[in-house]
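All remarks here apply to the structure that follows.
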Amino acid sequence: MTDNEIIKALECCFSDKFGKCEECPLRKHLDEVFSCMRLKQKLALDLINRQKAEKEALIAGQETLQKYIADQKAEIDRLEVELKAMRGAANSYKAEISRLTVLAELGNMRANDYRAMRDKCKTAKAEGIKEFAERFKKRIAWRYTALLCKQLNEIMDNLVKEMVGDYGLSEKM
């Protein structure tokens, strides 16, 4: 029998419908062993025990669920602490990356400044060598013959080309 049928059978006996046995759902379940009242008592006891067991199972399930929720909250708290630490580390790394980027840019600027200074020095050296060669050519021009001056000028031009390299060769000497 269902729980509702048991409840309806008890209501037939213990309510204002007392004596309305024809409406009782237990009528078809009666036999010689159980009288109407004994059967109702047995079914009521079974119903009470079944509901008690269900209640205990629900309470145990609720306790298990509460423990699970508490464990999950603890895990969330742990993960939040870990996340906060990771954010701190990420911010630390981000600051370090920014600092290193600035240093790299500064290093690049210094390297570019060094290259510019090196190029200026090489240009100045080339110009000095060319100026020396021009002065030399002017001084020897009045002392030696034209053929000897021409040979000395060629030698001097070749020396200047060797010494100067790529710097300052665009100008004609």
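Given the structure is predicted, the values throughout are model-derived calculations rather than measurements. Starting from 1, each residue takes its place in the sequence as its number.
Tyr68 places none of its side-chain heavy atoms less than 4.5 Å from the side chain of Glu63. Residues Lys137 and Asp157 meet the side-chain proximity criterion, which asks for heavy atoms closer than 4.5 Å.
Here Glu5 does not pair with Lys8 in a salt bridge; the nearest charged N to carboxylate O distance is not below 4.0 Å. No salt bridge links Lys84 with Glu80; every basic N to acidic carboxylate O contact stays at or beyond 4.0 Å.
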Item to complete: Check the pair Asn153, Ile140 against side-chain contact (heavy atoms from CB on, under 4.5 Å), reporting the backbone distance first and the verdict last.
Response: CA-CA 9 Å; Asn153 284 344; Ile140 63 162; 4.1 Å; yes

Distance-only donor-acceptor hits, side chain of residues 88-99, under 3.5 Å, sequence neighbours excluded:
unit_1, atom_1, unit_2, atom_2, d
Asn91, ND2, Arg87, O, 3.3
Glu96, OE1, Arg99, NE, 3.2
Glu96, OE2, Arg99, NH2, 2.6
Ser98, OG, Lys94, O, 3.1

Could you pull out all donor-acceptor pairs under 3.5 Å where a side-chain atom in residues 43-56 meets a protein atom, sequence neighbours excluded?
unit_1, atom_1, unit_2, atom_2, d
Asp46, OD2, Lys42, NZ, 2.9
Asn49, ND2, Leu45, O, 3.4
Arg50, NH2, Asp3, OD1, 2.3

Output side-chain donor-acceptor pairs under 3.5 Å for residues 103-112, partner residues at least two apart or in another chain, one line each.
unit_1, atom_1, unit_2, atom_2, d
Asn108, ND2, Ala104, O, 3.4
Asn112, OD1, Arg115, NH1, 2.8
Asn112, ND2, Asn108, O, 3.3

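Within the model, atoms CD of Gln66 and NZ of Lys73 stand 10.0 Å from one another, a figure rounded to the nearest 0.5 Å. Annotation: the span from Gln41 atom CD to Leu10 atom CG amounts to 9.5 Å, rounded to 0.5 Å. With rounding to the nearest 0.5 angstrom, the CD atom of Glu162 is 11.0 Å from the CD1 atom of Ile129. Put simply, CE on Met163 and CG on Leu159 are 7.5 Å apart, with the number rounded to the nearest 0.5 Å. Separating the CD atom in Glu134 from the CD atom in Glu127 is a distance of 12.5 Å, to the nearest 0.5 Å.
More than 12 heavy atoms of other residues, nucleotides or ligands shown are found within 6.0 angstrom of CZ on Arg78.
Through ILVMFWY side-chain contacts below 4.5 Å, Leu79 is grouped with nothing and stands alone.
The side-chain hydrogen bond (donor to acceptor under 3.5 Å, both in side chains) search around Lys67 returns Asp71, not counting sequence neighbours. By the side-chain hydrogen bond (donor to acceptor under 3.5 Å, both in side chains) test, Gln62 pairs with no residue at all, sequence neighbours left out.
For Lys40 against Ala9, the heavy-atom pair with the smallest separation is NZ-O, 3.4 Å.
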